[in-house]
Amino acid sequence: MFLTPKEQLAIIKKGTDKIVDEPELLKKLEHSFQEQKPLTIKLGLDPSAPDIHLGHAVVLRKIKQLQDLGHHAVIVIGDFTGRIGDPTGKSKGRVALSDELVKENAKTYCEQIFKVLDEGKTTVRFNSEWLAKLTFEEVIQLAATTSVARILEREDFQKRYHHEIPIGLHEFFYPLMQAYDSVELKADIELGGTDQTFNILMGRTLQRHRGLEKQIAIFMPLLEGLDGIEKMSKSLGNYIGVNEAPEVMFKKIMELPDSLIIKYFELATDEHPLQVQAVQERLQSGENPRDIKIQLAEIVTALYHGHAATMDAKSYFEVAFQKKMIPANIPVLLLEIDKERIEDIIPQLISIQFIQSKSDFIRLIKQNGVSLNGEKIAVDDLSQVLMNEDVLQIGKKRFLKLNK
């Protein structure tokens with residue numbers, strides 16, 4: 001911990017939506033600095049979906065900053081709470097997950113979070129370790145720490161109650177169980193998106209009730225997706241996945257609205273606040289946003305794929321999207337048999353997300369949006385035999401080389 005508590009606080013505050021509360025956080029940082037003892041940073045993950053995108057990574061990047069300042073992260077995989085399902089933002093309760101699916105999703109989560117976090121400064125725990133051991137008496141005692149009126153303050157519960165949509169009694173236990181995680185870990189700080197406000201503040205309440213020092217709650221803004229309007233979501237198709245190929249990630253960042261450049265510098269990178277301020281000044285002085293977006297694309301892509309792959313992605317973008325030529329370095333699809341037709345590779349194209357579905361592929365062909373070696377193809381051409389080194393193209397921007 002080489003930075004002073006005030007210097008650490010300045011970095012921690014970068015891009016945050018709200019900190020509850022800042023004076024308490026400074027005291028914790030001062031005590032940590034004096035004792036040379038790292039703070040315990042908690043993040044709970046409900047393994048309901050295994051893919052992480054840059055929206056999820058906003059909180060992970062903030063935790064990585066805290067790790068770089070010398071603190072330790074504890075990732076709580078909600079394998080026990082996943083059996084209930086957090087209904088946050090939903091009009092009805094989320095379907096509970098099977099143990100098998102929870103474990104499978106948790107494994108995929110862990111593989112992805114270490115694209116961001118320092119594995120040496122991270123502990124992964126499953127909250128079934130302590131929640132499954134609670135006796136019924138202890139559960140009753142836990143429930144006695146809050147009231148139905150307090151639980152109904154949660155926005156999604158309010159909406160469902162007023163619209164007479166059923167709320168299962170078991171759903172009331174979700175925020176209490178997440179709060180109990182903080183008690184078990186003696187968390188100093190818990191992070192989450194603004195949609196987790198109620199649950200994280202419940203952790204402070206329960207810690208106080210148990211006579212523990214209250215955790216600091218750090219809330220990060222929700223990151224808009226490629227459309228610049230809606231929260232980043234895979235279901236909306238406006239996401240940038242952390243596991244996506246570098247050329248795909250680079251291209252998507254270049255498609256961001258100019259209005260999101262600063263927000264992405266703040267939330268999707270580890271750039272120092274002073275560097276972000278310098279970028280903002282460049283924009284205000286009239287510098288071409290495209291040039292700054294290239295810098296952003298380089299920084300973000302390098303965080304997940306390294307410098308060499310990022311430079312290849314940049315070259316790919318410049319050739320494919322700026323010079324409107326077929327690039328030399330494009331993704332390759334290995335054909336499985338000697339004489340494979342276009343229609344035979346449709347399942348492979350779907351599996352690598354080059355197309356969404358067979359019907360979508362047919363639609364694009366009918367709209368003259370698919371080419372093979374620069375020539376438009378028709379639906380009747382689906383039986384055409386593919387040759388080694390053929391190049392399949394969708395629209396003006398997406399290429400795939402076919403190798404045998």
So [Y] and [X], do their side chains get closer than 4.5 Å, heavy atoms only?
{"X": "Phe265", "Y": "Ile299", "result": "yes"}
{"X": "Ile189", "Y": "Gln215", "result": "no"}
{"X": "Val116", "Y": "Ile63", "result": "no"}
{"X": "Phe361", "Y": "Ile342", "result": "yes"}
{"X": "Phe219", "Y": "Ile200", "result": "yes"}
{"X": "Tyr304", "Y": "Thr310", "result": "no"}
{"X": "Asn199", "Y": "Glu190", "result": "no"}
{"X": "Leu191", "Y": "Leu66", "result": "yes"}

(request) Report the C-alpha separation of Lys62 and Thr16 in whole Å, then their side-chain angles, then the decisive distance to 0.1 Å, and conclude whether the side chain to side chain donor-acceptor pair (under 3.5 Å) test is met. (result) CA-CA 9 Å; Lys62 180 57 63 178; Thr16 59; over 6 Å; no
Could you tell me whether [X] and [Y] make a salt bridge, using a distance below 4.0 angstrom between a side-chain N and a carboxylate O?
{"X": "Lys121", "Y": "Asp68", "value": "no"}
{"X": "Arg160", "Y": "Glu171", "value": "yes"}
{"X": "Glu213", "Y": "Lys27", "value": "no"}
{"X": "Lys251", "Y": "Glu255", "value": "yes"}
{"X": "Lys13", "Y": "Glu22", "value": "yes"}

(message) Which residue is it: Lys263, Arg290, Lys293? I am looking for the one with a salt bridge (charged side-chain N to carboxylate O under 4.0 Å, His left out) to Asp258.
(response) Lys293
Of all the heavy-atom pairs spanning [X] and [Y], show the shortest one and how long it is.
{"X": "Asp270", "Y": "Lys64", "answer": "OD2-CG, 4.4 Å"}
{"X": "Ala297", "Y": "Met254", "answer": "CB-SD, 4.1 Å"}
{"X": "Cys110", "Y": "Val124", "answer": "SG-CG1, 4.0 Å"}
{"X": "Pro331", "Y": "Tyr316", "answer": "CD-CE1, 4.1 Å"}
{"X": "Arg61", "Y": "Leu303", "answer": "NH2-CD2, 3.6 Å"}
{"X": "Leu29", "Y": "Gln8", "answer": "CD2-OE1, 3.6 Å"}

Say whether, by atom type as modelled, one donor and one acceptor occur between the side chain of [X] and the main chain of [Y] under 3.5 angstrom.
{"X": "Gln36", "Y": "Phe33", "value": "yes"}
{"X": "Asn403", "Y": "Leu334", "value": "no"}
{"X": "His71", "Y": "Leu39", "value": "yes"}
{"X": "Asp21", "Y": "Glu24", "value": "yes"}
{"X": "Asn238", "Y": "Ser233", "value": "yes"}
{"X": "His272", "Y": "Leu274", "value": "yes"}
{"X": "Gln280", "Y": "Ile262", "value": "no"}
{"X": "His56", "Y": "His53", "value": "yes"}
{"X": "Ser315", "Y": "Met311", "value": "yes"}
{"X": "Glu7", "Y": "Leu9", "value": "no"}

Can you tell me how far the [atom1] atom of [X] sits from the [atom2] atom of [Y], to the nearest 0.5 Å?
{"X": "Ser32", "Y": "Lys37", "atom1": "OG", "atom2": "NZ", "value": "9.0 Å"}
{"X": "Ile167", "Y": "Phe157", "atom1": "CD1", "atom2": "CZ", "value": "6.0 Å"}
{"X": "Thr301", "Y": "Leu296", "atom1": "OG1", "atom2": "CG", "value": "8.5 Å"}
{"X": "Phe172", "Y": "Thr146", "atom1": "CZ", "atom2": "OG1", "value": "10.0 Å"}
{"X": "Leu349", "Y": "Leu402", "atom1": "CG", "atom2": "CG", "value": "7.5 Å"}
{"X": "Leu223", "Y": "Leu260", "atom1": "CG", "atom2": "CG", "value": "7.5 Å"}

(request) Would you please say whether a donor-acceptor pair under 3.5 Å links the side chains of Lys18 and Thr194? (result) no
(request) Describe, in one word, how the ring planes of Phe317 and Phe250 are oriented to each other, choosing from parallel (under 30°), tilted (30 to 60°) and perpendicular (over 60°). (result) tilted
(message) Looking at Glu164, I'd like to know if its CD atom is crowded, meaning that more than 12 non-hydrogen atoms belonging to other residues, nucleotides or ligands lie closer than 6.0 Å.
(response) no
(message) Does the structure place the NZ or CZ of Lys252 under 6.0 Å from the centre of the six-membered ring of Tyr239, at an angle of no more than 45° from the ring's axis?
(response) yes
